[in-house]
Amino acid sequence: MSTYYCLVAGLPDISLDDGKLSYSVADFKSELYPELSVQDRKLIDLFYLKFDNTDLLKLLKNKDVATEGRGNFSSEELLQLIDAVRDGDIPDKRFPSYLVDFVTQYFRLSQEELYRAEDILASLYFSYGMACCNAFIASWFEFNLNLNNILAALAARKYKMDVSNVIVGETSICEQLRTSNARDFGLNETLEYFETLQRISDIEELVEREKKVDTLKWKWLEDESFFHYFTIERVFVFLMQLEMIERWISLDKDKGNELFRKMIQNLKNEVQIPEEFRK
């Protein structure tokens, strides 16, 4: 495992409450990423793949759409992947296997099933991340999967929706969320952060709720990386925290509320409501 004494020592101190940044995720990619070993770059690539996921979904809907290009692949490269799968060719090996699997599954979906595409991609992405060779980063992916699913399950129960329809992934925790009728899904003693998520889910103000979620993520990163000093884990933590701050700085409270209203409306639009309940 490579060590990065100078790199880590030179990272700026940041906090979730920072109101401005002199450094960005894009800066990291251009300045620090080249200093990493080839093996460690692959671990950092796992973070940037979430931007590729977003771009890929857009391009599957419209090949001419403008993408952010913040991931590991350009629009042209992602379109090459799409074309290769569509034409039955073997995609370039530089593409992660889960992206190939997703595009393959996407072309098998009917028009009525396309609303499932984002969940399918998320499930494959989390599974890919949890299977990585680094225990800390694999645990981070698992933690995020659990967090997202628990909040989704609690919201589904609150609004009398079928919990099984909002759970992503195939882990034992996922299965328990889908099948348990217990108030805590039988997870209170299994996951130490379950009660915290319950309290967060009760917060009505959407921006405050999201800030609490990021605070929980921040704490997890700090606690779990405590004994990682000058390793890729510490670099990974810095990148995760940097992205959180960058996102919050880009949103003032009004913009944040607007964002979450859109998210909720999208969720409502995706839910398949039985005819008898549409009255």
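Since we're looking at a predicted model, the values are computed, not measured.
Nearest approach of V103 to I82, heavy atoms of both residues: CG1-CA, 4.2 Å. The two atoms that bring C132 and A138 nearest to each other are SG-N, 3.7 Å, heavy atoms only. Contact between S24 and E246 at its shortest, heavy atoms only, is CB-OE2, 3.0 Å. Taking both residues in full, the closest heavy atoms of A156 and V166 are given as CB-CG2, 4.0 Å, listed atom of the first, atom of the second, then distance. In plain terms, the two heavy atoms of L221 and Q241 that are nearest each other are CD1-CG, 4.0 Å. In terms of heavy atoms, N134 sits closest to I137 at OD1-N, 2.9 Å.
A donor atom on one side chain and an acceptor atom on the other are not found under 3.5 Å apart for Q80 and D92. Side chain to side chain, E233 and T231 meet the donor-acceptor criterion of an N or O pair below 3.5 Å. No side-chain donor-acceptor contact under 3.5 Å links Y33 and D40. Defined by atom type and a distance below 3.5 Å, a donor-acceptor pair is missing between the side-chain atoms of T104 and D101. Looking only at atom types and distance, the side chain of N53 has a donor-acceptor partner in the side chain of Y98 under 3.5 Å away. Side-chain atoms of S201 and Q198 include no donor-acceptor pair closer than 3.5 Å.
Remark: N146 engages Y193 in a side-chain hydrogen bond (donor to acceptor under 3.5 Å, both in side chains) (not counting sequence neighbours). Looking at residues two or more places apart in sequence or on another chain, you find a salt bridge (Lys or Arg N to Asp or Glu O under 4.0 Å) between E204 and K158.
Using a 4.5 Å cut-off on side-chain heavy atoms (C-beta onward), L59 and S75 make contact. Residues Y128 and L99 have side chains not in contact (no heavy-atom distance under 4.5 Å, counting atoms from C-beta outward). Under the 4.5 Å side-chain criterion, counting only non-hydrogen atoms from C-beta, V237 is not in contact with E224. In this structure, S97 and F102 have side chains that are not in contact, with every pair of non-hydrogen atoms separated by 4.5 Å or more.
Ion pairing between K50 and E243 holds under the 4.0 Å rule for side-chain N and carboxylate O. Salt-bridge formation is not detected for the pair D119/R116: no Lys NZ or Arg NE/NH1/NH2 atom is positioned less than 4.0 Å from an Asp or Glu carboxylate oxygen. We find that R41 and E35 are not joined by a salt bridge, their nearest charged nitrogen and carboxylate oxygen being 4.0 Å or further apart. Classification of D52 and R70 as a salt-bridged pair fails, no side-chain N sitting under 4.0 Å from a carboxylate O.
A donor-acceptor pair is defined here as one N or O able to donate and one able to accept, closer than 3.5 Å; no such pair exists between the side chain of S180 and the backbone of L177. No donor-acceptor pair closer than 3.5 Å links the side chain of D87 to the backbone N or O of D89. With N188 contributing its side chain and D184 its backbone, the two residues share no donor-acceptor pair below 3.5 Å. In this structure a side-chain-to-backbone donor-acceptor pair under 3.5 Å is missing from R234 to F227. Side chain of E31 to main chain of F28: no donor-acceptor pair is present (N/O by atom type, distance under 3.5 Å, no hydrogens or angles). Put simply, the side chain of E68 never gets that close to the backbone of D55: no donor and acceptor are under 3.5 Å apart.
Atom CZ of F194 is separated from atom CD of E192 by 13.5 Å, given to the nearest 0.5 angstrom. Here the straight-line distance linking atom CG of L206 with atom CD of E208 works out to 10.0 Å at 0.5 Å rounding.
Summarising the local packing, NZ of K212 is surrounded by 12 or fewer heavy atoms from other residues, nucleotides or ligands at distances under 6.0 Å. With a 6.0 Å radius and a threshold of 12 heavy atoms from other residues, nucleotides or ligands, R94 has its CZ atom above the threshold. Other residues, nucleotides and ligands place more than 12 heavy atoms under 6.0 Å from the NZ atom of K29.
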### Task
Carefully, step by step, assess D202 and L154 under the rule side-chain contact (heavy atoms from CB on, under 4.5 Å).
CA-CA 9 Å; D202 290 333; L154 292 169; over 6 Å; no
#### Entry: Criterion side-chain contact (heavy atoms from CB on, under 4.5 Å) on N149 and C174, from CA distance to verdict
CA-CA 7 Å; N149 277 333; C174 295; 3.5 Å; yes
### Task
May I have the step-by-step check of side-chain contact (heavy atoms from CB on, under 4.5 Å) for I44 and I232, ending in yes or no?
CA-CA 8 Å; I44 296 300; I232 190 60; 3.9 Å; yes
### Query
Going through the checks in order, is the side-chain contact (heavy atoms from CB on, under 4.5 Å) test met by M244 and K217?
CA-CA 9 Å; M244 279 189 235; K217 290 181 179 181; 3.8 Å; yes
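Cation-pi geometry between R178 and F185 is not satisfied (NZ or CZ under 6.0 Å from the ring centre, within 45° of the ring normal).
Aromatic ring centroids of Y125 and F141 lie under 6.0 Å apart. Taking the six-membered ring for Trp and the full ring otherwise, the centers of F226 and W220 sit at least 6.0 Å from each other.
Using cut-offs of 30° and 60° for the angle between ring planes, the F51 and F47 rings count as perpendicular.
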